[in-house]
K.L.:
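Here's a structure for you.
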Amino acid sequence: MNTVKSFIRAEEGRLSKVVEYGTGMKIGIPINKDGSVKWYKDKTKQKNH
């Protein structure tokens, strides 16, 4: 049986939702203080012409 843990991590004013699988793999999703997902703008590579 696989186990999955889910918890909120708070470090130095930063919040993230963490999902940890029984294999030891983890994923952290940054969240705002209101619980919404913190989205980052995609950085695109621009060429100088």
Side-chain angles (χ1 to χ4, degrees):
M1 178 179 210
N2 290 332
T3 58
V4 177
K5 297 179 193 175
S6 175
F7 54 93
I8 302 289
R9 176 176 290 164
E11 292 181 338
E12 300 175 9
R14 295 178 296 171
L15 295 173
S16 59
K17 175 76 170 188
V18 178
V19 179
E20 182 178 344
Y21 298 95
T23 61
M25 303 251 336
K26 294 181 192 176
I27 186 163
I29 303 166
I31 58 174
N32 296 311
K33 293 183 182 192
D34 67 357
S36 61
V37 174
K38 184 182 286 188
W39 295 98
Y40 296 106
K41 290 185 179 183
D42 291 335
K43 294 181 181 179
T44 58
K45 186 175 180 180
Q46 296 178 352
K47 293 182 180 180
N48 292 331
H49 295 277

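Below, all heavy atoms of this structure are taken into account, side chains as well, without hydrogens, waters or symmetry copies. Since the model is a prediction, treat every value here as computed from it, not as a measurement.
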K.L.:
If a pair satisfies side-chain hydrogen bond (donor to acceptor under 3.5 Å, both in side chains) and one of its residues is in residues 17-35, list it, with sequence neighbours excluded.
P.N.:
Ser6-Lys17, Asn32-Ser36, Asp34-Ser36
K.L.:
Treating Ile, Leu, Val, Met, Phe, Trp and Tyr as nodes and any side-chain heavy-atom pair under 4.5 angstrom as an edge, say whether Met25 and Ile27 lie in one connected cluster.
P.N.:
yes
K.L.:
Apart from Trp39 itself, what residues make up its hydrophobic cluster, given side-chain heavy atom links below 4.5 Å?
P.N.:
Ile29, Val37
K.L.:
Partners of Arg14 by side-chain contact (heavy atoms from CB on, under 4.5 Å), sequence neighbours excluded?
P.N.:
Glu11, Glu12
K.L.:
Could you identify which residues cluster with Leu15, counting Ile, Leu, Val, Met, Phe, Trp and Tyr as linked when any side-chain heavy atoms lie under 4.5 Å apart, either directly or through a chain of such contacts?
P.N.:
Ile8, Ile31
